Amino acid sequence: MPELPEVETIRARLAPRLEGRTIEHVEISDPRLTRPEPPEAIAAELEGERITAVGRRGKYLILGFESGRHLLVHLRMTGTVEHPALGGFAADPYRRAVVRLDDGSDVAYRDVRRFGTWALLEPGELADYFAARRLGGEPLERGFTTRTLSRALAGRRAPIKAALLDQRAAAGVGNIYADEALWRARIHPLRPAGSLEEDDIARLRKAIRAALELGISRQGATLRDYRDPDGRRGRMQREFTVYGRAGEPCPRCGTPIEKTRAGGRGTWYCPQCQRLHPG
Ligand SMILES: [Zn+2]
């Protein structure tokens with residue numbers, strides 16, 4: 001569930017607190033988190049690492065270490081990272097790992113559904129790791145142009161919504177921000193990705209950026225589990241134009257929002273603003 005804006009919110013909160021710190025102790029209580037590696041082995045490898053950068057790529061949170069290694073954290077459905085400014089943690093059956101830093105503070109990883117993953121990469125392995133997963137460009141960076149988006153969608157018969165979800169066209173866009181971006185761009189979610197014209201793609205590029213930037217400015221969307229490292233909810237859910245709003249009026253034209261499915265996911269759109277056969 002956490003998408004680019006949620007992960008970016010977590011990254012921005014953690015960076016000033018973690019950068020420069022050394023990991024003193026790690027406890028990983030869920031073997032699923034590090035599989036196929038045993039959790040004790042990963043915990044032992046992390047101890048003594050000094051954190052030099054807290055980055056993000058798509059929906060991955062990346063801890064960069066002085067050694068050149070990286071820890072890639074993917075929150076999947078329900079993962080959250082906790083770093084309370086004051087005091088320790090309350091008892092929590094969903095806490096899967098705790099990292100003790102050299103300033104005495106603890107960073108905890110919580111995950112109700114347990115789909116989240118931690119992968120420890122050796123120096124130089126990062127680019128290959130993302131290439132193997134065919135991870136697309138960063139939509140908020142300069143390299144995300146109409147041309148690159150157009151190239152990523154060319155010839156694809158999948159619905160544009162599904163194409164956005166698979167991360168190859170733009171890293172970090174998930175179910176919420178795909179629907180919000182398609183509404184902004186006035187593109188029907190079931191249109192074949194390869195059928196989009198250049199002006200559709202130009203609007204879509206802008207719309208993806210605008211939807212993600214709004215999400216970041218609202219510290220992400222909290223529907224159920226998402227919290228920032230201080231335990232605070234996001235506010236983006238108050239700004240949804242179509243996502244989860246079936247039957248409610250489109251904020252642009254007043255037509256009731258409809259729900260369909262694309263890429264196996266619930267998908268919301270305005271049947272008036274987003275025509276399947278435009279023109
Ligand atoms: Zn509308």
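Please read these numbers as outputs of a predicted model, since none were measured by experiment.
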A.B. asks: Other hydrophobic cluster members with Tyr129, side-chain heavy atoms of Ile/Leu/Val/Met/Phe/Trp/Tyr under 4.5 Å, chained?
C.D. replies: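 Same cluster as Tyr129: Tyr60, Ile62, Leu72, Leu121, Leu126, Phe130, Leu135.
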
A.B. asks: List the steps and the verdict of side-chain contact (heavy atoms from CB on, under 4.5 Å) for Ile208 and Val173.
C.D. replies: CA-CA 8 Å; Ile208 289 171; Val173 177; 3.9 Å; yes

A.B. asks: Once rounded to the nearest 0.5 Å, what's the spacing between atom CD1 of Ile51 and atom CD1 of Ile23?
C.D. replies: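 Atom-to-atom, Ile51:CD1 and Ile23:CD1 are 4.5 Å apart.
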
A.B. asks: Find out if a path of hydrophobic residues (ILVMFWY) with successive side-chain heavy-atom gaps under 4.5 Å connects Tyr109 to Met1.
C.D. replies: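 No; Met1 is not reachable from Tyr109 via cluster members.
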
A.B. asks: Sort and list the pairs that fulfil ring pair (Phe, Tyr, Trp, His ring centres under 6.0 Å) and have at least one residue in residues 77-107, not counting sequence neighbours.
C.D. replies: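 Sorted pair list comes back empty.
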
A.B. asks: To the nearest 0.5 Å, what is the distance between CG (Leu182) and CG (Leu204)?
C.D. replies: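 If we round to the nearest 0.5 Å, Leu182:CG and Leu204:CG are 6.0 Å apart.
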
A.B. asks: Do Ile216 and Leu75 belong together in a cluster built from hydrophobic side chains that touch within less than 4.5 Å?
C.D. replies: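 No, no single cluster joins them.
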
A.B. asks: Which pairs count as salt bridge (Lys or Arg N to Asp or Glu O under 4.0 Å) when at least one residue sits in residues 144-155, sequence neighbours excluded?
C.D. replies: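 Every pair satisfying salt bridge (Lys or Arg N to Asp or Glu O under 4.0 Å) with a residue in residues 144-155: there are none.
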
A.B. asks: Of all heavy-atom pairs between Pro271 and Pro256, which one has the smallest distance, and what is that distance?
C.D. replies: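 Minimum heavy-atom separation between Pro271 and Pro256: CD-O, 3.4 Å.
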
A.B. asks: Could you tell me which non-hydrogen atom of Ala181 sits nearest to which non-hydrogen atom of Ala207, and how far apart they are?
C.D. replies: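 What the structure gives for the nearest pair is O-CB, 3.2 Å.
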
A.B. asks: For the side chain of Arg21 and the backbone of Ser105, is there at least one donor-acceptor N/O pair under 3.5 Å apart?
C.D. replies: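 It does not hold such a pair.
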
A.B. asks: Go through the structure and list residues passing side-chain hydrogen bond (donor to acceptor under 3.5 Å, both in side chains) with Tyr226, not counting sequence neighbours.
C.D. replies: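 Scan of Tyr226 (side-chain hydrogen bond (donor to acceptor under 3.5 Å, both in side chains), adjacent residues dropped) gives none.
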
A.B. asks: What distance separates Glu3 CD from Met236 CE, expressed to the nearest 0.5 Å?
C.D. replies: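 Interatomic distance, Glu3 CD to Met236 CE, rounded to 0.5 Å: 9.5 Å.
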
A.B. asks: Flag yes if more than 12 heavy atoms outside Arg235 fall under 6.0 Å of its CZ atom; otherwise flag no.
C.D. replies: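 Count over threshold, so yes.
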
A.B. asks: Under a 4.0 Å threshold between the charged nitrogen and the carboxylate oxygen, would Glu6 count as salt-bridged to Lys59?
C.D. replies: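 So Lys59 does not pair with Glu6 through a salt bridge.
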
A.B. asks: Look at the side chain of Arg209 and the backbone N and O of Pro139, then say whether any donor-acceptor pair between them is shorter than 3.5 Å.
C.D. replies: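 Between the backbone of Pro139 and the side chain of Arg209 there is a qualifying donor-acceptor contact (under 3.5 Å).
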
A.B. asks: Hey, does the side chain of Thr9 reach the backbone of Pro5 with a donor-acceptor pair shorter than 3.5 angstrom?
C.D. replies: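 Pair found, side chain donor or acceptor close to backbone of Pro5.
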
A.B. asks: Start with the C-alpha distance between Glu49 and Thr22, add both sets of side-chain angles, then the distance that settles side-chain hydrogen bond (donor to acceptor under 3.5 Å, both in side chains), and finish with yes or no.
C.D. replies: CA-CA 6 Å; Glu49 289 284 6; Thr22 297; over 6 Å; no

A.B. asks: Testing the basics here: between Ala221 and Ile176, what is the closest heavy-atom pair and its distance to 0.1 Å?
C.D. replies: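 Scanning both residues, the minimum pair turns out to be CB-CD1, 4.2 Å.
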
A.B. asks: Testing the 3.5 Å rule here: is there a donor-acceptor pair between the side chains of Gln167 and Arg133?
C.D. replies: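 Note: Gln167 and Arg133 side chains miss the donor-acceptor criterion.
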
A.B. asks: Can you run down the ring pair (Phe, Tyr, Trp, His ring centres under 6.0 Å) pairs that involve residues 241-269, sequence neighbours left out, and say none if there aren't any?
C.D. replies: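 Pairs touching residues 241-269 that pass the test: His188-Tyr269, Phe240-Tyr243, Tyr243-Trp268.
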
A.B. asks: Check the pair Leu120 / Leu46 against side-chain contact (heavy atoms from CB on, under 4.5 Å), numbers first and verdict last.
C.D. replies: CA-CA 8 Å; Leu120 182 61; Leu46 288 172; 4.0 Å; yes

A.B. asks: Is it the case that the side chain of Arg203 and the backbone of Ala185 share a donor-acceptor pair, with hydrogens and angles ignored and the cut-off at 3.5 Å?
C.D. replies: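 Present.
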
A.B. asks: Using modelled atom types and a 3.5 Å cut-off, is there a donor and acceptor pairing between side-chain atoms of Glu82 and backbone atoms of Gly231?
C.D. replies: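 Checked: no pair found.
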
A.B. asks: Going from OG on Ser150 to CZ on Arg205, what distance comes out if it is rounded to the nearest 0.5 angstrom?
C.D. replies: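 If I round to the nearest 0.5 Å, the distance is 12.5 Å.
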
A.B. asks: Check whether Thr80 reaches the backbone of Arg227 with its side chain - one donor and one acceptor, N or O, closer than 3.5 Å.
C.D. replies: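 Side chain of Thr80 to backbone of Arg227, a donor-acceptor pair under 3.5 Å: no, none is there.
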
A.B. asks: What are the two closest non-hydrogen atoms of Val112 and Arg110, and how far apart are they?
C.D. replies: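 Answer, listing the atom of Val112 first, then Arg110: CG2-NH1, 3.7 Å.
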
A.B. asks: Working to the nearest 0.5 Å, report the span between SG of Cys273 and CH2 of Trp183.
C.D. replies: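 Rounded to the nearest 0.5 Å, the SG-CH2 separation comes to 6.5 Å.
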
A.B. asks: Side-chain heavy atoms nearer than 4.5 Å, only ILVMFWY residues, links allowed to pass through others: does that put Leu14 and Leu33 together?
C.D. replies: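 Yes, Leu14 and Leu33 fall within the same hydrophobic cluster.
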
A.B. asks: So, does Glu27 use its side chain to make a donor-acceptor pair with the main chain of Ala97 at under 3.5 Å?
C.D. replies: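 No; judged by distance alone, with no hydrogens or angles, the pair does not exist.
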
A.B. asks: Compare every heavy atom of Arg95 with every heavy atom of Ala90, then report the nearest pair and how far apart it is.
C.D. replies: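 It is O-NH2, 2.9 Å.
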
A.B. asks: Does a salt bridge link Arg56 with Glu138, judged by any charged N lying under 4.0 Å from a carboxylate O?
C.D. replies: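 A salt bridge is present here (some side-chain N lies under 4.0 Å from a carboxylate O).
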
A.B. asks: Can you tell me which residue pairs pass the side-chain hydrogen bond (donor to acceptor under 3.5 Å, both in side chains) test with a partner in residues 28-38, sequence neighbours excluded?
C.D. replies: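 Sorted pair list: Asp30-Arg114.
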
A.B. asks: Look at the side-chain heavy atoms of Ile, Leu, Val, Met, Phe, Trp and Tyr, link any pair under 4.5 Å apart, and say whether Leu63 and Ile10 land in one connected group.
C.D. replies: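 Yes, because Leu63 and Ile10 connect within a single hydrophobic cluster, where side-chain heavy atoms sit under 4.5 Å apart.
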
A.B. asks: Please list all pairs passing the salt bridge (Lys or Arg N to Asp or Glu O under 4.0 Å) test where one or both residues lie in residues 182-197, with sequence neighbours left out.
C.D. replies: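 Checked against salt bridge (Lys or Arg N to Asp or Glu O under 4.0 Å) - neighbours excluded - the pairs reaching residues 182-197 are Arg191-Asp200.
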
A.B. asks: Between Val98 and Leu18, is there shared hydrophobic-cluster membership here, with clusters defined by ILVMFWY side-chain heavy atoms closer than 4.5 Å?
C.D. replies: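 Different clusters.
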
A.B. asks: Is there a side-chain contact (heavy atoms from CB on, under 4.5 Å) between Val242 and Glu180? Walk through the geometry before answering.
C.D. replies: CA-CA 6 Å; Val242 287; Glu180 294 293 310; 3.6 Å; yes

A.B. asks: Say whether, by atom type as modelled, one donor and one acceptor occur between the side chain of Asp111 and the main chain of Gly116 under 3.5 angstrom.
C.D. replies: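 It does hold such a pair.
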
A.B. asks: What pairs meet the salt bridge (Lys or Arg N to Asp or Glu O under 4.0 Å) rule with one or both residues in residues 246-274, with sequence neighbours excluded?
C.D. replies: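 Qualifying pairs: Arg245-Glu248.
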
A.B. asks: What residues, two or more places apart in sequence or in another chain, satisfy side-chain hydrogen bond (donor to acceptor under 3.5 Å, both in side chains) together with Glu40?
C.D. replies: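 Partners of Glu40 by the side-chain hydrogen bond (donor to acceptor under 3.5 Å, both in side chains) criterion come out as none, since no residue qualifies.
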
A.B. asks: Rounded to the nearest 0.5 Å, what's the gap from CZ on Arg11 to CG on Leu4? Could you check?
C.D. replies: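 Answer for the CZ-CG pair, Arg11 versus Leu4, is 10.5 Å.
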
A.B. asks: Can you list the other members of the hydrophobic cluster that holds Leu190, where links are side-chain heavy atoms under 4.5 angstrom apart?
C.D. replies: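 Leu190 shares its hydrophobic cluster with Leu276.
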
A.B. asks: Is any side-chain N of the basic residue among Arg17 and Asp230 closer than 4.0 Å to the acidic one's carboxylate O?
C.D. replies: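 Yes.
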
A.B. asks: Take Gln219 and Asp228 through the test side-chain contact (heavy atoms from CB on, under 4.5 Å) and record every step on the way to the result.
C.D. replies: CA-CA 8 Å; Gln219 289 84 47; Asp228 79 3; 5.5 Å; no

A.B. asks: Where the side chain of Thr260 meets the backbone of Thr267, is there a donor-acceptor pair that is under 3.5 Å apart?
C.D. replies: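 Flag not set: sc Thr260 to bb Thr267 has no pair under 3.5 Å.
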
A.B. asks: A quick test of your reading: do over 12 heavy atoms of other residues, nucleotides or ligands sit less than 6.0 Å from CD of Glu24?
C.D. replies: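 Count over threshold, so yes.
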
A.B. asks: Check side-chain hydrogen bond (donor to acceptor under 3.5 Å, both in side chains) between Asn175 and all other residues, then give those that pass, not counting sequence neighbours.
C.D. replies: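 Residues passing side-chain hydrogen bond (donor to acceptor under 3.5 Å, both in side chains) with Asn175: Lys161.
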
A.B. asks: Is a donor from one side chain sitting under 3.5 angstrom from an acceptor on the other, for Thr146 and Glu198?
C.D. replies: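 There is no such pair (donor and acceptor under 3.5 Å, judged by atom type) between the side chains of Thr146 and Glu198.
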
A.B. asks: Hydrophobic cluster mates of Phe115, side-chain heavy atoms under 4.5 angstrom, ILVMFWY only, any path?
C.D. replies: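 The other cluster members (ILVMFWY side chains, heavy atoms under 4.5 Å, direct or chained) are Met77.
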
A.B. asks: Are the side chains of Phe65 and Thr52 in contact, using a 4.5 Å heavy-atom criterion?
C.D. replies: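 They are not in contact (no side-chain heavy atoms under 4.5 Å apart), so the answer is no.
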
A.B. asks: Can you find a pair of side-chain heavy atoms, one from Arg224 and one from Thr78, that are under 4.5 Å apart?
C.D. replies: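 No, side chains not in contact.
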
A.B. asks: Which atom pair, heavy atoms only, marks the closest approach of Asp179 to Gly266?
C.D. replies: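 So the two residues come closest at OD2-O, 4.0 Å.
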
A.B. asks: Decide whether Thr222 and Gln237 meet the rule of one side-chain donor and one side-chain acceptor closer than 3.5 Å.
C.D. replies: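 No, no side-chain donor-acceptor pair sits under 3.5 Å.
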
A.B. asks: Can any side-chain N or O of Gln274 pair as donor or acceptor with the backbone N or O of Cys270 at less than 3.5 Å?
C.D. replies: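 It does hold such a pair.
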
